[in-house]
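Reading through the structure tokens given below for one structure.
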Amino acid sequence: MNSNGQQRLSANTAGYRGRIAPTPTGLLHLGHAATFLLAEQRARNAGGVLILRIEDLDPPRCKPEFTAAAMEDLHWLGIRWEEGPDTGGAHAPYQQSLRRECFLAAWAKLLAGGFIYPCARSRKDVATAANAPHEDDATPLYPPQWRPPIGTGTDARSPAGVNWRFRVPDGKRITFLDARCGTQTFTAGKNFGDFVVWRRDDVPAYELAVVADDYAMQITEVVRGEDLLVSTARQLLLYQALNWEPPTWHHAPLLRDASGQRLAKRNAALSLRALRQRGVSPAEIRAALIAAPEQPAAFSF
Ligand code: GLU
């Protein structure tokens, strides 16, 4: 074991394993900081391991310079991870763009089980369904009458060329206990319809990739924003179909700007980079987030 105990933590696969999973489509902002600091705190309190995983699957939107900036900003903020793209670890690589084999194996298992089907619907339908995570609640449901008969596509050798959708069990209620939000219940076919697991442009969709990676990396608790509660219901269906033990969840509150909107790239002034350039310290950010995790008034640095 080295002097700071990292080797012991990395080998502790039976204990708590959390992760932070930024998507490098822009600079990290205060909202990311809030969620990631919470994830780190929960991992430390449990005496566990924190993993950094870069979710860079969407080729036109994800950029290497944003990956580099995210890692630099997280280091600046003082977040420490035991496993990640720079530190390595038993479950490397920690970048989704390098983990295609893991996602293909999950796709093949879903296909063999008859849970997914190829779908050649229009780009507009597809774009709507493929935009997860952080979908708008108003996302239209995929019409069940468009589903092909069970067994369609089971002879496919590769997912390339069409969208692959998960056949949701209409009417099934999916219930889970969230550590912060309490018991959550969603109904398949009502709160969401058949969702995309692999995109026509041959990129695994968020729902499949995140489940395959959380399982492969032996994540025990997922800490992420509460806008993904409905995604968790979809992901539970994937865990059941794949016959994998799911993690537990802690969905964090979302930071909102002064107008009540969720922080996003448009809040450039609240990016960690901008705050740092204005002389705000990591300690001030940590203190403000601890004092008022949901109130925009606290963020007028
Ligand atoms: N990469 C996803 C995001 O940026 C993470 C979602 C998750 O934690 O499952 O929202």
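Just follow the structure's listing: the first ligand is 1, and inside any ligand the first atom is 1. Residue indices begin at 1 and follow the sequence shown. Bear in mind the structure is a predicted one, so any value in this text is a computation, not a measurement.
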Below 4.0 angstrom from a heavy atom of [X], which ligand 1 atoms are there? Numbered from 1 as shown, please.
X      : answer
Tyr206 : 6 (C), 7 (C), 9 (O)
Val210 : 9 (O)
Leu228 : 6 (C)

Original post:
Counting only heavy atoms, which portion of Val222 has something under 4.0 Å from ligand 1: side chain, backbone, both, or neither?
Top reply: neither
Original post:
Are Glu221 and Asp214 side-chain neighbours, meaning at least one heavy-atom pair lies under 4.5 Å?
Top reply: no
Subject >> Identity of the nearest option to atom 2 (C) of ligand 1, non-hydrogen atoms only, from Arg19, Glu207, Glu55 >> reply: Glu55
Original post:
Would Trp164 and Tyr117 count as a close aromatic pair, with their ring centres under 6.0 Å?
Top reply: no
Original post:
Taking a hydrophobic cluster as the set of Ile, Leu, Val, Met, Phe, Trp and Tyr residues connected by side-chain heavy atoms closer than 4.5 Å, whether directly or through intermediates, do Leu270 and Phe66 fall within one such cluster?
Top reply: no
Original post:
Less than 4.0 Å between a side-chain N and a carboxylate O, is that true for Arg100 and Asp202?
Top reply: yes
Original post:
Do the rings of Tyr239 and Trp244 sit parallel, tilted or perpendicular, given the 30° and 60° boundaries?
Top reply: perpendicular
Original post:
Any N/O of Ala21 closer than 3.5 Å to an N/O of ligand 1?
Top reply: yes
